[in-house]
Amino acid sequence: MSRTPIIAANWKMNMGPQEAKEFLSAFKEEKLCECKGVEKVIVPPFVTIPAVMEALNGCQCIGVGAQDVSDHDNGAFTGEISTAMLSEIGCKYVVVGHSERRQYHGETNTYINKKIKKALAAGLVPIYCIGETLAQREAGELEKILRSQVEEGLAGLSDEQVAGLVIAYEPVWAIGTGKTASATDAQAAHAFIRSVVKETFGTDAADKVRIQYGGSVKPANASELMACPDIDGALVGGAALKAASFAAIIRAAAI
Ligand code: PGA
């Protein structure tokens with residue numbers, strides 16, 4: 001089964017509109033529109049999204065996503081952003097359930113499931129983040145945690161919906177720490193996640209769903225990770241803040 005790898009830049013709470021414009025002018029110099037066979041996505045902070053759209057100037061080779069979304073349609077939810085608002089400004093993707101949202105904002109699988117359903121209903125592609133903490137891995141709970149994140153986070157979705165979304169496996173201990181999972185460990189976790197998808201949503205969904213790896217991905221380790229059969233791209237934080245290193249990771253996935 002050939003799946004198109006997807007490389008996404010998760011800028012987190014970095015890059016205001018001006019910095020984003022500077023990034024994109026440097027990124028254009030990398031001539032990545034000619035780099036075929038890789039889906040490229042930038043996920044800026046909400047307020048930076050319009051500046052990214054403007055700088056892209058209609059260029060279709062890079063998609064834009066948001067870092068989070070409300071589980072409600074509209075109304076009295078101060079500080080929240082709806083799926084309709086994201087669609088209106090041209091977003092195609094939305095990251096949900098990032099470990100920083102789980103850790104600092106108490107987001108649970110059940111709550112994230114509601115956001116995934118809202119995103120799908122609005123035609124957005126959810127990038128659903130899952131992954132274990134170091135304590136969970138050391139306690140031998142890796143598979144138990146991943147299984148519950150997949151089963152609860154994707155509960156109630158159709159096989160087709162699961163086939164079309166993106167899962168990002170991000171071991172929490174590897175995020176922003178410089179510690180990457182070895183390619184062997186990452187591949188094993190990805191294969192396990194795919195097997196859980198297969199049990200619940202069938203072979204077709206398991207074959208089609210793309211599973212990104214995230215956690216200290218950089219140009220130096222991207223090729224090895226991207227060569228693994230069940231790794232279909234990367235969700236990149238720190239190394240996506242510089243156009244040259246993000247471009248190098250994209251090229252590693254294209255090979
Ligand atoms: P990192 O972040 O690449 O800086 O480890 C990845 C992420 O949190 O998505």
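In listed order, ligands and their atoms are each counted from 1. In what follows, every heavy atom counts, from backbone to side chain, and hydrogens, waters and symmetry copies are set aside.
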Sub-4.0 Å atoms of ligand 1 with respect to non-hydrogen atoms of H98: 7 (C), 8 (O), 9 (O)

Ring geometry between F23 and W11 (parallel below 30°, tilted from 30 to 60°, perpendicular above 60°): perpendicular

Contact (N/O only, under 3.5 Å) between G237 and ligand 1: yes

A174 to ligand 1, any heavy atom closer than 4.0 Å: yes

Nitrogen or oxygen atoms of E100 and ligand 1 under 3.5 Å apart: no

Criterion side-chain hydrogen bond (donor to acceptor under 3.5 Å, both in side chains) against K118, the qualifying member of T83, D71, D73: D73

Atom NZ of K218: over 12 foreign heavy atoms under 6.0 Å: yes

Proximity to ligand 1 by part of A240, non-hydrogen separation under 4.0 Å: neither

Nitrogen or oxygen atoms of I175 and ligand 1 under 3.5 Å apart: no

Non-hydrogen atom of A239 closer than 4.0 Å to ligand 1: no

Short side-chain donor-acceptor distance under 3.5 Å, E39 and Y93: yes

Shortest reach to atom 5 (O) of ligand 1 by a heavy atom, considering only A234, G131, G176: G176

Polar side chain donor-acceptor pair, Q187 to T184, under 3.5 angstrom: no

Flag for E170-H98: side-chain donor and acceptor within less than 3.5 Å: yes

Q212 versus Y128, side-chain donor and acceptor atoms under 3.5 Å: no

Modelled atom types, side-chain donor and acceptor of T180 and N221, under 3.5 Å: yes

Positive for side-chain contact (heavy atoms from CB on, under 4.5 Å) with V64, one of T48, V52, V41: V52

Closest approach of any protein heavy atom to atom 2 (O) of ligand 1, naming residue and atom: K12 NZ, 3.3 Å

T177, any N or O under 3.5 Å of ligand 1 N or O: no

Sub-3.5 Å N/O-N/O distance, G215 and ligand 1: no

Nearest-contact summary for atom 4 (O) of ligand 1 - protein heavy atom, Å: G238 N, 2.8 Å

Nearest-contact summary for atom 7 (C) of ligand 1 - protein heavy atom, Å: E170 OE2, 3.1 Å

Contact atoms of ligand 1, heavy-atom distance to L235 under 4.0 Å: 6 (C), 9 (O)

